[in-house]
Amino acid sequence: MSRKSSENQAFSLKIISWYKANPRELPWRGTTDPYKIWLSEIILQQTRVAQGLPYYYAFSETYPTVKDLALAPESEVLRLWQGLGYYSRARNLHSCAKFIWYELGGIFPNTYSELLKLKGVGSYTAAAISSFAFGEVKAVVDGNVFRVLARYFGIDTDIASGKAKIEFETLANKLIPNENPGEYNQAIMDFGARLCVPKNPDCPKCPLKETCFAYQKNLVKDLPVKINKTKVKERNLHYYVIRCGENWVWKKRKSGDIWEGLHDFPHSEGEPAPYLGISEEKPRLIPKKYRHILSHQRLNASFSELEIPLEKHQELSKWCENEGYLLVAENEIEYLAKPKLIVNFLTDQGI
DNA sequence: AACCCGGGGCT
DNA sequence: AGCCCAGGGTT
């Protein structure tokens with residue numbers, strides 16, 4: 001690694017100095033266990049610390065080691081992840097744990113390039129684990145780092161572009177010191193999360209304001225540049241809550257749509273169906289409508305109930321098998337991983 | 001390069 | 001309502 005320029009050293013020294021006076025106390029700090037660090041980093045992807053914390057405690061207590069996670073059934077892992085979102089993270093987490101336990105003899109990969117091969121581990125997460133756990137000099141570039149560097153150095157490249165990813169990672173790797181690289185990575189992220197915040201940062205309190213491009217040019221509001229082109233899709237979902245005695249009809253969601261691997265009910269999109277294949281009876285519409293907002297979809301959901309008489313249990317069972325549905329006893333529902341929308345519905349139903 | 005994948009909190 | 005959050009995978 002080449003020697004850092006004095007300007008770069010001044011930047012990193014001020015960031016570290018600020019951090020030492022203003023550290024966040026977080027449960028995964030102070031450990032060098034790559035498993036715990038990996039766990040925290042996956043949980044925190046696109047997730048605020050405050051939202052991820054309870055999940056970190058739950059996972060690190062339920063699965064203290066990579067072996068414990070590897071030996072758990074995926075259904076249990078997804079259930080523990082319930083409510084956190086981006087569920088592919090949980091599936092990849094579990095898949096990696098099995099890979100590390102069964103294929104790598106339980107030895108966690110210990111370099112940036114080996115970590116990068118793990119499912120769900122990209123350049124940010126590989127840099128975080130390799131620097132925090134193994135002291136490798138690899139700079140993290142997350143949303144905080146994009147913002148801090150764009151403002152301080154006056155970079156107006158669209159941070160959503162692939163070009164920016166390369167540009168900012170190259171710059172970040174010139175700034176990171178060879179001594180205590182993990183501490184520097186923690187420092188710049190805390191600095192972005194607590195001082196150089198997206199809206200209305202308290203620049204007068206900033207130790208870097210004298211040499212900050214954006215502050216000196218009055219461009220703090222304009223940096224970083226992010227061109228957002230995600231279009232939100234509106235969807236109308238109609239769910240059928242089919243019960244036969246104590247048994248409910250459930251569906252495990254497949255790939256190609258939201259909530260893969262989670263459980264909801266048989267449903268149609270668009271207009272509710274007047275009758276279902278299993279009964280001549282008309283489903284009874286529940287008046288309450290549910291609006292559920294995702295980052296890329298707005299869901300309008302309604303629910304209808306249908307009670308199947310006990311005599312038809314055999315026929316219902318056959319129907320579920322043909323349609324790929326599951327019959328689940330009411331007291332087992334709590335163990336299914338479900339999207340928040342469905343949890344909200346069940347709560348309203350007193351389940 | 002463009003698109004997809006959750007849920008929550010702040011402005 | 002829009003933006004952002006210790007991003008990554010797929011096409």
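Letters go in sequence order (proteins before strands), and every chain restarts at 1.
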When rounded to whole Å, the CG to P distance for the pair A/Leu84 and B/dG8 reads 9 Å
ILVMFWY cluster, A/Val66 and A/Phe99 together (side-chain gap under 4.5 Å) = yes
Taking 4.0 angstrom as the limit, do A/Glu234 and A/Arg291 come out as a salt bridge?
-> yes
Would you give a per-nucleotide map of nucleotides 3-11 of chain C, 5' to 3', where B means the base has a protein non-hydrogen atom under 4.0 Å away, S means only the sugar-phosphate does, and - means neither?
-> -BBBBSS--
Have a look at A/Ile43 and say if it touches a base, only the backbone sugar-phosphate, or nothing, with a 4.0 Å heavy-atom cut-off.
-> nothing
Under-4.0 Å salt bridge between A/Glu305 and A/Arg243 | yes
Does A/Trp259 put a side-chain nitrogen or oxygen below 4.0 Å from OP1 or OP2 of B/dC4?
-> no
Between A/Gly83 and A/Asn200, just flag the one whose closest nucleotide in DNA chain B comes earlier from the 5' side.
-> A/Gly83
Flag for A/Lys340-A/Asn344: side-chain donor and acceptor within less than 3.5 Å = yes
Please check the phosphate of B/dC5 (OP1 and OP2 only) for any side-chain N or O of A/His296 closer than 4.0 Å.
-> yes
Are the charged groups of A/Lys117 and A/Glu114 less than 4.0 angstrom apart, N to O?
-> yes
Within residues 342-351 of chain A, those residues having any heavy atom closer than 4.0 Å to DNA chain B are none
Do the side-chain N or O atoms of A/His292 get closer than 4.0 angstrom to the phosphate oxygens (OP1, OP2) of B/dG7?
-> yes
For A/Ser161, what residues pass the side-chain hydrogen bond (donor to acceptor under 3.5 Å, both in side chains) criterion, not counting sequence neighbours?
-> none
